[in-house]
Amino acid sequence: MKVNYHTHSCYCDGKGEPREYVEYAIAHGFRHLGFSGHAPVPFENSFAIRPEEFMAYCNEIRSLKAEYSDRINIHLGLEIDFIPGILDDFSSLMDDGGLEYCIGSVHLVSSGDGNPDNLWFIDGSRQEVYDDGIQRMFHGDVRKAVTAFFHQNNEMIERNRPTVIGHFDKVVMHNHDRYFTYDEPWFSSLVHETASLIKEFGTICEINTRGLYKQRHDDYYPAASTIRILNEMNIPLLVSTDAHQPQELDRFEGAYTLLDELGCRNVVYEL
């Protein structure tokens, strides 16, 4: 069954009208398509839905859902950034938009003081921004920086219980084994801690393929070694392509093959 619930359109930092994604999904045999635009945030940026366009986004997805109901199941969601001191509570966005689901993610590690200038951006195409944040906010202490990222994910899970946890180890994206490796005990401990909270709060863990097909990472988010752990813990797993244009909707990059090889029986297709 082809599904994708992590989808960004022209309302945020994606390319293409929502209808283009729907048409592509139908043409390629998808059963479910979920839209998850980056939720509005209260500071200037180039990636999120503008606050004044939020209801237009919600209304358009609902309109497409009704129009194509006999051909595909369309779902209205958001990818919501958890940013302590800035965007702490997901409930107002969920209620105001009448959302069916949300993906909770951390792209910006916060100092917690509510100042949007005090954020470490762990995503994007520029490695120097990642490195600068480690120096600027954590005085070059990589272990402290990475720990802050994971602890922010943990706080998000405890406070908001998102439907899906997005790419929870994406902090490795610009690491490239320069600062740390997966098998270092302190890093492994952080991964296990977050996985345990995902299990405790009954949320779904995303297997995100975007790093592979964009050639910015050599593994899934989370890594295959972590997926084995998640499978042993019987945590529900949802494969997502994190599509930013229609033709990325089915860039599964062998994820389903890996899950089959691992004997996973907890793969989610419907939210």
May I ask you to decide if [Y]'s main-chain N or O and [X]'s side chain share a donor-acceptor pair within less than 3.5 Å?
X: Tyr213; Y: Thr241; result: yes
X: Glu23; Y: Glu20; result: no
X: Asn153; Y: Phe149; result: yes
X: Ser240; Y: Asp242; result: no
X: Thr194; Y: Val191; result: no
X: Asp88; Y: Gly85; result: yes
X: Glu67; Y: Ser63; result: no
X: Gln152; Y: Leu108; result: yes
X: Asp113; Y: Asn115; result: yes
X: Arg216; Y: Arg210; result: no

Basic-acidic side-chain contact under 4.0 Å: [X], [Y]:
X: Glu184; Y: Arg143; result: no
X: Arg31; Y: Glu270; result: no
X: Lys65; Y: Glu100; result: yes

Heavy-atom closest contact ([X] atom, [Y] atom, distance):
X: Cys58; Y: Leu99; result: SG-CD2, 4.2 Å
X: Ala224; Y: Leu258; result: CB-CD2, 3.9 Å
X: Met1; Y: Tyr256; result: O-OH, 4.5 Å
X: Gly166; Y: Glu206; result: CA-OE1, 3.4 Å
X: His151; Y: Leu190; result: NE2-CD2, 4.0 Å
X: Ala145; Y: Phe138; result: CB-CD1, 3.4 Å

How long is the gap from [atom1] on [X] to [atom2] on [Y], to the nearest 0.5 Å?
X: Lys199; Y: Ile235; atom1: NZ; atom2: CD1; value: 6.5 Å
X: Cys205; Y: Ile227; atom1: SG; atom2: CD1; value: 8.0 Å
X: Met233; Y: Asn266; atom1: CE; atom2: CG; value: 11.5 Å
X: Ser36; Y: Ile103; atom1: OG; atom2: CD1; value: 4.0 Å
X: Asp169; Y: Thr226; atom1: CG; atom2: OG1; value: 5.5 Å
X: Thr203; Y: Arg161; atom1: OG1; atom2: CZ; value: 9.5 Å

Has [X] got more than 12 heavy atoms of other residues, nucleotides or ligands less than 6.0 Å from its [atom1]?
X: Arg50; atom1: CZ; result: no
X: Gln215; atom1: CD; result: no
X: Glu44; atom1: CD; result: no
X: His192; atom1: NE2; result: no

Kindly write out the residues that satisfy ring-ring contact (aromatic ring centres under 6.0 Å, His included) with Phe43, not counting sequence neighbours, or none if the list is empty.
-> none

Hey, what's the ring geometry for [X] with [Y], parallel, tilted or perpendicular (30° and 60° as the breaks)?
X: Tyr57; Y: Tyr11; answer: perpendicular
X: His38; Y: His8; answer: parallel
X: Tyr130; Y: Trp120; answer: tilted
X: His217; Y: Tyr221; answer: parallel

[Y] and [X], any side-chain heavy atoms less than 4.5 Å apart:
X: Tyr21; Y: Ser9; result: yes
X: Ile157; Y: Phe168; result: no
X: Phe30; Y: Leu249; result: yes
X: Arg178; Y: Asp131; result: yes
X: Tyr5; Y: Phe35; result: no
X: Ile74; Y: Val22; result: yes
X: Ile26; Y: Leu33; result: no
X: Ile80; Y: Leu93; result: yes

With no hydrogens and no angle check, do the side chains of Tyr68 and Arg19 hold a donor and an acceptor under 3.5 Å apart?
-> yes

Hey, are Arg62 and Asn59 close enough side-chain-wise for a donor-acceptor pair under 3.5 Å?
-> yes

Is the centre of the His107 ring less than 6.0 Å from the centre of the His167 ring?
-> yes

Do the ring centers of Phe187 and Phe150 come within less than 6.0 Å of each other?
-> yes

With side-chain contact (heavy atoms from CB on, under 4.5 Å) as the test, would you mind laying out the steps for His176 and Gln127 before giving the verdict?
-> CA-CA 10 Å; His176 303 303; Gln127 180 175 288; 3.3 Å; yes

For the pair Asp250 and His28, evaluate side chain to side chain donor-acceptor pair (under 3.5 Å) and give the outcome as yes or no after the intermediate values.
-> CA-CA 8 Å; Asp250 49 2; His28 290 81; 4.5 Å; no

Could you please spell out the steps behind the side-chain contact (heavy atoms from CB on, under 4.5 Å) verdict for Val172 and Phe180?
-> CA-CA 9 Å; Val172 305; Phe180 59 89; 4.0 Å; yes

Evaluate the criterion side-chain contact (heavy atoms from CB on, under 4.5 Å) for residue pair Leu119 and Ile86; output intermediate values, then yes/no.
-> CA-CA 10 Å; Leu119 298 171; Ile86 296 175; 4.2 Å; yes

Name of the residue among Val239, Asp219, Asn4 meeting side-chain contact (heavy atoms from CB on, under 4.5 Å) with Thr209 = Val239

Stepwise, does the side-chain contact (heavy atoms from CB on, under 4.5 Å) test hold for Arg126 with His174?
-> CA-CA 8 Å; Arg126 297 172 58 197; His174 289 299; over 6 Å; no

